[in-house]
Amino acid sequence: YFERHDGCAVTCDDFRKAMADASGRDLTQFERWYTQAGTPVLKVEGKYDPKESKYELKLAQTCPPTPAEPKTTKKLPFHMPIKVGLIGKADKKE
């Protein structure tokens with residue numbers, strides 16, 4: 001990024017493109033973080049069924065309108081990578 005843009009005025013697109021080029025990954029999904037106003041709220045619910053030895057995890061994301069937006073403003077979801085792991089009670093291993 002610095003080799004490409006040091007001392008220059010740049011945009012968020014320039015930064016994203018430099019990071020995508022360096023990593024070899026498509027990062028267009030992150031554009032919403034700077035093209036859509038607001039802060040997402042993530043609701044997480046988990047429950048374990050011991051009879052089935054099954055854990056269910058539910059995630060829901062909302063993004064309320066900012067004060068400058070109408071209350072009816074609909075937002076698209078933000079990309080939020082989430083890593084999940086379960087640890088055993090007896091051996092403390094995944």
Side-chain angles (χ1 to χ4, degrees):
Y1 175 79
F2 287 107
E3 287 178 19
R4 194 183 286 186
H5 299 291
D6 190 24
C8 300
V10 296
T11 66
C12 291
D13 284 327
D14 294 327
F15 179 75
R16 182 188 48 79
K17 177 78 169 110
M19 295 299 107
D21 291 347
S23 67
R25 300 177 96 180
D26 179 2
L27 301 177
T28 54
Q29 61 192 335
F30 291 102
E31 288 179 11
R32 232 172 259 156
W33 283 97
Y34 56 90
T35 60
Q36 180 172 270
T39 303
V41 177
L42 192 61
K43 181 180 177 183
V44 180
E45 294 180 12
K47 73 177 177 185
Y48 178 68
D49 180 345
K51 290 180 183 176
E52 297 287 326
S53 293
K54 183 177 176 181
Y55 185 80
E56 182 178 341
L57 182 65
K58 291 183 182 182
L59 304 170
Q61 184 187 126
T62 59
C63 186
T66 62
E69 296 175 321
K71 297 239 185 260
T72 57
T73 301
K74 298 289 183 199
K75 304 282 184 93
L76 296 171
F78 290 87
H79 180 77
M80 299 176 76
I82 296 172
K83 186 175 183 178
V84 177
L86 300 176
I87 299 174
K89 189 175 184 178
D91 58 11
K92 308 286 191 235
K93 294 182 181 179
E94 293 184 59

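This is a predicted model, so every value here is computed, not measured.
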| request: Given salt bridge (charged side-chain N to carboxylate O under 4.0 Å, His left out), test Lys17 with Asp21 step by step and report yes or no. | output: CA-CA 6 Å; Lys17 177 78 169 110; Asp21 291 347; 2.9 Å; yes
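Using the six-membered ring where Trp is involved, Phe15 and Tyr1 have ring planes that are perpendicular, over 60° apart on the 30 and 60° scheme.
Between the CZ atom of Phe30 and the CE atom of Met19 there is a distance of 12.5 Å, given to the nearest 0.5 Å. How far NE2 of His79 is from CD of Gln61: 10.5 Å, rounded to the nearest 0.5 Å. Between Gln36 atom CD and Leu76 atom CG the span is 5.5 Å, to the nearest 0.5 Å.
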Give every donor-acceptor pair under 3.5 Å between a side-chain atom in residues 48-56 and any protein atom, sequence neighbours left out.
from: Asp49; atom 1: OD1; to: Lys51; atom 2: N; distance (Å): 3.0
from: Asp49; atom 1: OD1; to: Glu52; atom 2: N; distance (Å): 3.3

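Put simply, the side chain of Arg32 gets close to the backbone of Pro77: a donor and an acceptor are under 3.5 Å apart.
The only option from Asp13, Asp14, Asp6 that meets the side chain to side chain contact (heavy atoms under 4.5 Å, CB included) definition with Val10 turns out to be Asp14.
Minimum interatomic distance between Lys75 and Cys63 (heavy atoms only, all atoms of both residues): CG-O, 3.2 Å. Taking both residues in full, the closest heavy atoms of Leu27 and Ala20 are given as CD1-N, 3.6 Å, listed atom of the first, atom of the second, then distance. Nearest heavy atom pair, residue Thr66 against residue Ala37, reads CG2-CB, 3.8 Å.
Side-chain contact, Thr28 with Asp26: a donor N or O sits under 3.5 Å from an acceptor N or O.
One hydrophobic cluster holds both Val84 and Leu42 under the rule that ILVMFWY side chains link at heavy-atom gaps under 4.5 Å.
Between Lys47 and Glu45 no salt bridge is recorded (no basic side-chain N to carboxylate O distance below 4.0 Å).
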